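Residues: numbered from 1 along the sequence shown. The figures that follow rest on heavy atoms only: side chains count, while hydrogens, waters and symmetry mates do not. None of these values were measured; they are calculated from a predicted model.
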Amino acid sequence: MDHMSRTLSKAQSGDGTLIAYEQWGEGPPVVLVGGALCTAASDAPLAALLASRFRVVAYDRRGRGASGDAFPYAVEREIEDLAAVIAEVGDSACVHGTSSGGGLALRAAAAGVPITQLSVYEPPFHPTARPGRRPAERLALMRLLLAAGRRAEALAVFLDEAGTPERTVADLRRSPLWAGLESVAHTLPYDHEVMGDGTVPTGLLHRIGVRVLVVDGGASPPWTREAARLVAGALPRGRHRTLTGQTHEVAPHVLAPTLEDFFTG
């Protein structure tokens with residue numbers, strides 16, 4: 001297979017849900033796990049850059065894109081989804097998770113999913129978060145809006161909580177991107193559940209035995225970078241790296257060489 005070509009497939013998760021995934025290239029498998037509002041298409045630029053060295057897999061997390069869903073939601077089902085995708089490409093795989101996708105990948109590694117090496121980019125834990133103090137009001141409001149079918153308003157609440165400036169949200173509403181974001185807004189509570197109360201889960205991290213690279217952006221807020229350092233420090237085999245000039249929206253062409261070096265090192 002030419003490394004620029006891709007194939008579309010589906011894996012069956014433990015509860016029978018079909019999870020859609022795309023593949024690029026050949027070589028050792030690398031699975032990409034997207035964050036909130038992301039689909040396999042979101043990771044396609046990074047996948048294409050890695051495809052000259054790896055068999056890269058990006059998938060639609062449950063409830064998104066071409067993947068199915070089942071209720072009630074549980075983080076354990078998403079862990080099973082990742083395990084099912086890995087089983088489709090081999091006995092094990094390297095994994096990279098972005099933002100809350102990194103939080104999910106860390107939980108999967110701690111649960112024993114066969115991940116050989118793991119990298120995460122800015123998993124959104126907060127160094128000053130307190131157990132049980134996740135902003136429950138915002139989450140409750142999002143759930144109410146989503147239950148009423150008001151996805152656009154729920155999406156705006158999430159973006160505000162994430163610190164997105166009002167002007168940026170207004171620009172997004174007028175852009176072609178908004179419809180795609182709104183189409184997966186109903187899965188935002190899933191990412192909240194993945195991240196729990198927002199504290200760095202040191203007990204969980206201590207259980208991860210594989211090599212883990214924790215990456216942040218040099219232009220990201222200081223709390224984000226501090227959280228990345230805390231995550232790396234809590235991992236038995238954790239490493240930390242900062243990419244100069246990058247923000248939470250990391251450029252694929254900057255991130256790709258770092259992942260290639262780590263996964264082949």
(message) Nearest 0.5 angstrom please: E182 CD to L177 CG, how far?
(response) 12.5 Å

(message) Is there a side-chain contact between T187 and V184 in this structure, where contact means two heavy atoms from C-beta onward sitting under 4.5 Å apart?
(response) yes

(message) Hydrophobic cluster membership, with links at side-chain heavy-atom distances under 4.5 Å among I/L/V/M/F/W/Y: are L139 and L146 in one?
(response) no

(message) Working to the nearest 0.5 angstrom, can you tell me the gap between L82 CG and R77 CZ?
(response) 13.5 Å

(request) For V194 and R61, run side chain to side chain contact (heavy atoms under 4.5 Å, CB included): C-alpha distance rounded to whole Å, both residues' side-chain angles, the deciding distance at 0.1 Å, then the answer. (result) CA-CA 12 Å; V194 166; R61 287 173 54 190; 4.0 Å; yes

Could you give the side-chain donor-acceptor pairs of residues 109-125 under 3.5 Å, partners two or more places apart or in another chain?
{"unit_1": "T116", "atom_1": "OG1", "unit_2": "A93", "atom_2": "O", "d": "3.4"}
{"unit_1": "T116", "atom_1": "OG1", "unit_2": "C94", "atom_2": "N", "d": "3.4"}
{"unit_1": "Q117", "atom_1": "OE1", "unit_2": "R211", "atom_2": "NH1", "d": "2.0"}
{"unit_1": "Q117", "atom_1": "NE2", "unit_2": "F263", "atom_2": "O", "d": "3.1"}
{"unit_1": "S119", "atom_1": "OG", "unit_2": "H96", "atom_2": "ND1", "d": "2.6"}
{"unit_1": "Y121", "atom_1": "OH", "unit_2": "G217", "atom_2": "N", "d": "3.3"}
{"unit_1": "Y121", "atom_1": "OH", "unit_2": "T247", "atom_2": "O", "d": "2.6"}
{"unit_1": "E122", "atom_1": "OE1", "unit_2": "S220", "atom_2": "OG", "d": "3.4"}
{"unit_1": "E122", "atom_1": "OE1", "unit_2": "H248", "atom_2": "ND1", "d": "2.7"}
{"unit_1": "E122", "atom_1": "OE2", "unit_2": "G217", "atom_2": "N", "d": "2.8"}
{"unit_1": "E122", "atom_1": "OE2", "unit_2": "S220", "atom_2": "OG", "d": "2.5"}

(message) Quiz question: by atom type and distance under 3.5 Å, do the side chains of D191 and S100 form a donor-acceptor pair?
(response) yes

(message) With a 4.5 Å cut-off on side-chain heavy atoms, are V57 and L32 touching?
(response) no

(request) Please report the C-alpha distance between R239 and V214 in whole Å, then the side-chain angles of each, then the deciding distance to 0.1 Å, and finally whether the side chain to side chain contact (heavy atoms under 4.5 Å, CB included) criterion is met. (result) CA-CA 6 Å; R239 295 172 53 190; V214 185; over 6 Å; no

(message) I want to check something: taking the side chain as every heavy atom from C-beta on, are L155 and L37 in contact at a cut-off of under 4.5 Å?
(response) yes

(request) May I ask you to test the S67-L18 pair for a side-chain heavy-atom distance under 4.5 Å? (result) no

(message) Any donor-acceptor pair under 3.5 Å linking the side-chain atoms of D216 with those of T242?
(response) yes

(message) Salt bridge or not between E26 and R55? Use side-chain N to carboxylate O under 4.0 Å.
(response) no

(message) Restricting to non-hydrogen atoms, name the atom on A11 and the atom on E88 that form the minimum distance, rounded to 0.1 Å.
(response) CB-CG, 3.4 Å

(request) Please answer whether the main-chain N or O of G63 pairs with a side-chain N or O of H186 as donor and acceptor at a distance below 3.5 Å. (result) yes

(message) Quick check on R241: does its CZ atom have over 12 non-hydrogen neighbours (other residues, nucleotides or ligands) under 6.0 Å away?
(response) no

(request) Work out which heavy atom in D15 is nearest to a heavy atom in A70; give both atom names and the distance. (result) OD2-CB, 3.6 Å

(message) Show, in sequence, the C-alpha distance, side-chain angles and deciding distance for E161 and H192, and conclude whether the side chain to side chain contact (heavy atoms under 4.5 Å, CB included) test is met.
(response) CA-CA 12 Å; E161 180 192 348; H192 271 271; 3.4 Å; yes

(request) Could you tell me whether the side chain of V75 reaches within less than 4.5 Å of the side chain of R107, counting heavy atoms only? (result) yes

(request) Determine whether V212 and L205 make a side-chain contact, defined as any pair of heavy atoms from C-beta on separated by less than 4.5 Å. (result) no

(message) Test: ring pair (Phe, Tyr, Trp, His ring centres under 6.0 Å). Region: residues 29-85. Which pairs qualify, not counting sequence neighbours?
(response) Y73-Y190

(message) Test side chain to side chain contact (heavy atoms under 4.5 Å, CB included) on V215 and L213; report intermediate values, then the result.
(response) CA-CA 6 Å; V215 187; L213 176 65; 3.7 Å; yes

(message) Side chains of V30 and V95, heavy atoms from C-beta outward: is any pair under 4.5 Å?
(response) no

Donor-acceptor pairs under 3.5 angstrom involving side-chain atoms of residues 226-234: please list them, not counting sequence neighbours.
{"unit_1": "E226", "atom_1": "OE1", "unit_2": "R229", "atom_2": "NE", "d": "3.4"}
{"unit_1": "E226", "atom_1": "OE1", "unit_2": "R229", "atom_2": "NH2", "d": "3.2"}

(request) Would you give the length of the straight line joining atom CG of D43 to atom CG of L49, rounded to the nearest 0.5 angstrom? (result) 11.5 Å

(request) Indicate the atoms forming the closest heavy-atom contact of I19 with S13, along with that distance. (result) CG1-CB, 4.3 Å

(message) Distance check, rounded to the nearest 0.5 Å: M195 atom CE versus L106 atom CG?
(response) 8.0 Å

(message) Rounded at 0.5 Å granularity, tell me how far CZ in R174 sits from CG in L172.
(response) 9.5 Å

(request) Taking all heavy atoms of W178 and all of A152, pick out the closest pair and write down the distance. (result) CZ2-O, 3.7 Å

(request) Using modelled atom types only, decide if a donor and an acceptor are shared between the side chain of Q246 and the backbone of A251 within a distance under 3.5 Å. (result) yes

(message) A side-chain contact here means heavy atoms from C-beta on lying under 4.5 Å apart; do V157 and L188 qualify?
(response) no

(request) Answer yes or no: is there a donor N or O on one side and an acceptor on the other, between the side chain of S99 and the main chain of G35, under 3.5 Å? (result) no

(request) Could you pull out the closest heavy-atom pair between G65 and D60, with the gap in Å? (result) CA-OD2, 3.6 Å

(message) Between R62 and E78, does any side-chain N to carboxylate O distance fall below 4.0 Å?
(response) no

(message) Please check: side-chain N/O of K10 versus main-chain N/O of T17, any donor-acceptor pairing under 3.5 Å?
(response) no

(request) Starting at CD of E22, measure out to OG1 of T7 and round the result to the nearest 0.5 Å. (result) 8.5 Å

(message) To check you understand the geometry: which heavy-atom pair defines the closest contact between V89 and P29, and what is its length?
(response) CG2-CB, 3.8 Å

